[in-house]
Amino acid sequence: MLGLTEQQKTLRAETRTFLDAEIAPLMPAMDQEEVTPPAVVKKLAERGLFGAVIPKEFGGQELDAITVGLLNEELGRISFSMRDLIFVPSMVTYAIARWGAREQQEQWLPRMATGEVIPAFSLTEPNVGSDAKRVETQATLAGDSYILNGRKKWTTYGQLADVYLVFAACEGKPTAFLVERNTPGLTVRPMKGILGARASMLAELELKDCRIPAKNLVGTVGFGFQAVASAGLELGRYCIAWGSVGLAQACLEASLKYVRERKQFGVPIGEHQLVQQMIAEMVANIKAARLLCYEAGQYRDAGDPRAAMHANLAKYYASRMATRVANDAVQIHGANGVHPDYPVARYFRDARVTEIIEGTTQVQQVLIARRAIQQGDLLD
């Protein structure tokens, strides 16, 4: 089983049992209503999940990369929105723990570890997506404050967040700032009708003459993309890869149950060879993606500089795999596959999102190909 430790196996099993019993039954309504209720946030907080990547000195669990991956898989298996709730904020906590000033760490990390404060990663803009070095939001130094003006879009759990890690151009350089929800001039607008991960409570932010203390600068001016955003995106891509495996696993489990029960032409449809072919493809591709994720986790735990590229590779393969598996799961379910009474309809919508967030499939292709052409070390 991937060489997992007994502790990792136990944590995964306990997390699965908890999610299946306490969260999974709530997901159809949450998806339909496009909301994550406070009671669900509280349940997840009580499990200590918000502190997964936060150092122990600040009340977190400081889990190794493989364990973080396993949690992403289990959360992705029951809902990609729940994966978003725990591990998109982790992109912020990871950035603060790694690049933030001591005062920022002491102010924010203990409360983020308990779920008392929910952070959001706010990078994408209406006109700026993967070309994040060219953010249009502006930050200007004014005495002991910075004045921020601009717009952000697609901020995951932006409706719920208490503080935002906002990326803005300062002196012409991408720079990261912490912006609290109650900052005058900050307007948060809910985004509804999203294709997948509907309970992720996306928001658009408008910053109009938002004055924040200079101490809310994370790192230094110009440090925003090269370090803070890049580190967050690397963690995000790694987590999405594992979450995609969990999503595909859910598709497989639903399909196996269905092919055993559904009968056509006098026999369970699992006895038909074309259905067996789809099941076999699911099993093989999920296994392959999980191994790529595991390898990426080993690189992260070893502190190997190639970890980022292996996260890109895992995210690229696993997200595309999840889309294919979800497509086949819907096909296996036939007309039932497009009805909300069956979970594969939601899985299909969620899977499509995995190929877009934290860098599209095409962005990953470019990064992987360039690395292979220039250095050729992806098989090391």
Side-chain angles (χ1 to χ4, degrees), residues 41 45 48-63 68 85-124 132 135 137-150 152 155-158 160-171 173-186 188 203 205 207 209-236 239 303:
V41 178
L49 293 173
F50 284 102
V53 304
I54 295 176
K56 292 180 180 179
E57 66 174 307
F58 299 111
Q61 298 192 60
E62 200 172 346
L63 299 176
V68 166
L85 175 59
I86 299 301
F87 285 102
V88 173
S90 288
M91 296 165 65
V92 180
T93 60
Y94 180 74
I96 295 173
R98 187 171 180 183
W99 308 114
R102 184 71 183 185
E103 181 181 353
Q104 293 170 344
Q105 295 169 346
E106 292 176 347
Q107 177 183 1
W108 295 110
L109 293 181
R111 291 187 292 160
M112 291 176 177
T114 63
E116 176 189 349
V117 168
I118 305 296
F121 191 84
S122 196
L123 175 62
T124 305
V135 290
T137 298
Q138 297 292 314
T140 305
L141 182 63
D144 59 355
S145 302
Y146 283 97
I147 309 298
L148 273 62
N149 284 280
K152 295 293 180 178
T155 299
T156 301
Y157 279 101
L160 192 65
D162 302 290
V163 62
Y164 304 88
L165 183 62
V166 173
F167 294 85
C170 185
E171 301 174 14
K173 304 170 185 176
T175 306
F177 300 91
L178 290 168
V179 180
E180 295 186 54
R181 177 67 171 262
N182 60 1
T183 302
L186 173 63
V188 180
L205 311 183
L207 302 103
D209 294 330
C210 287
R211 181 181 292 271
I212 63 170
K215 66 179 183 178
N216 285 21
L217 170 68
V218 179
T220 59
V221 172
F223 206 57
F225 181 79
Q226 195 62 34
V228 182
S230 293
L233 289 171
E234 178 188 338
L235 174 63
C239 291

Show me the donor-acceptor pairs within less than 3.5 Å that the side chains of residues 110-122 make with the rest of the protein, sequence neighbours left out.
{"from": "Arg111", "atom 1": "NE", "to": "Gln107", "atom 2": "O", "distance (Å)": "3.3"}
{"from": "Arg111", "atom 1": "NH2", "to": "Gln107", "atom 2": "O", "distance (Å)": "3.4"}
{"from": "Thr114", "atom 1": "OG1", "to": "Arg111", "atom 2": "O", "distance (Å)": "3.1"}
{"from": "Thr114", "atom 1": "OG1", "to": "Glu116", "atom 2": "N", "distance (Å)": "3.3"}
{"from": "Ser122", "atom 1": "OG", "to": "Thr155", "atom 2": "OG1", "distance (Å)": "3.1"}

Here the pair of heavy atoms bringing Leu165 nearest to Ala176 is CD1-CB, 4.1 Å
For Phe177 and Cys170 the tightest heavy-atom approach is CZ-CB, 4.3 Å
(Q) When you measure from the side chain of Glu171 to the backbone of Val221, do you find a donor-acceptor pair of N or O atoms at a distance under 3.5 Å? (A) no
Here the gap from Leu207 atom CG to Gln138 atom CD, rounded to the nearest 0.5 Å, amounts to 12.0 Å
Which side-chain N or O atoms in residues 86-98 pair as donor and acceptor under 3.5 Å with protein atoms at least two apart or in another chain?
{"from": "Ser90", "atom 1": "OG", "to": "Ile86", "atom 2": "O", "distance (Å)": "3.0"}
{"from": "Thr93", "atom 1": "OG1", "to": "Ser90", "atom 2": "O", "distance (Å)": "3.1"}
{"from": "Tyr94", "atom 1": "OH", "to": "Arg98", "atom 2": "NH1", "distance (Å)": "3.0"}

Take atom CG of Asp144 as the centre, draw a 6.0 Å sphere, and report whether it contains more than 12 heavy atoms from other residues, nucleotides or ligands. no
Residue set satisfying side chain to side chain donor-acceptor pair (under 3.5 Å) with Asp209, at least two apart, ordered chain then number -> Asn149
For Glu106, the salt bridge (charged side-chain N to carboxylate O under 4.0 Å, His left out) test, sequence neighbours excluded, returns Arg102
The salt bridge (charged side-chain N to carboxylate O under 4.0 Å, His left out) partners of Glu180 (sequence neighbours excluded) come to none
With sequence neighbours left out, the residues meeting ring pair (Phe, Tyr, Trp, His ring centres under 6.0 Å) with Phe223 are Trp99
Donor-acceptor pairs under 3.5 angstrom involving side-chain atoms of residues 210-218: please list them, not counting sequence neighbours.
{"from": "Lys215", "atom 1": "NZ", "to": "Glu103", "atom 2": "OE2", "distance (Å)": "3.4"}
{"from": "Asn216", "atom 1": "ND2", "to": "Leu178", "atom 2": "O", "distance (Å)": "2.8"}

**Asked** Does any non-hydrogen side-chain atom of Val68 lie less than 4.5 Å from one of Cys239?
**Response** yes
Report yes or no: does Thr137 contribute a side-chain atom to a donor-acceptor pair with the main-chain N or O of Val135 at less than 3.5 Å?
no
Taken in chain and number order and not counting sequence neighbours, the residues that satisfy ring pair (Phe, Tyr, Trp, His ring centres under 6.0 Å) with Trp108 are none
Taken in chain and number order and not counting sequence neighbours, the residues that satisfy side chain to side chain donor-acceptor pair (under 3.5 Å) with Tyr146 are none
To the nearest 0.5 Å, atom OH of Tyr164 lies from atom OG1 of Thr183 at 9.5 Å
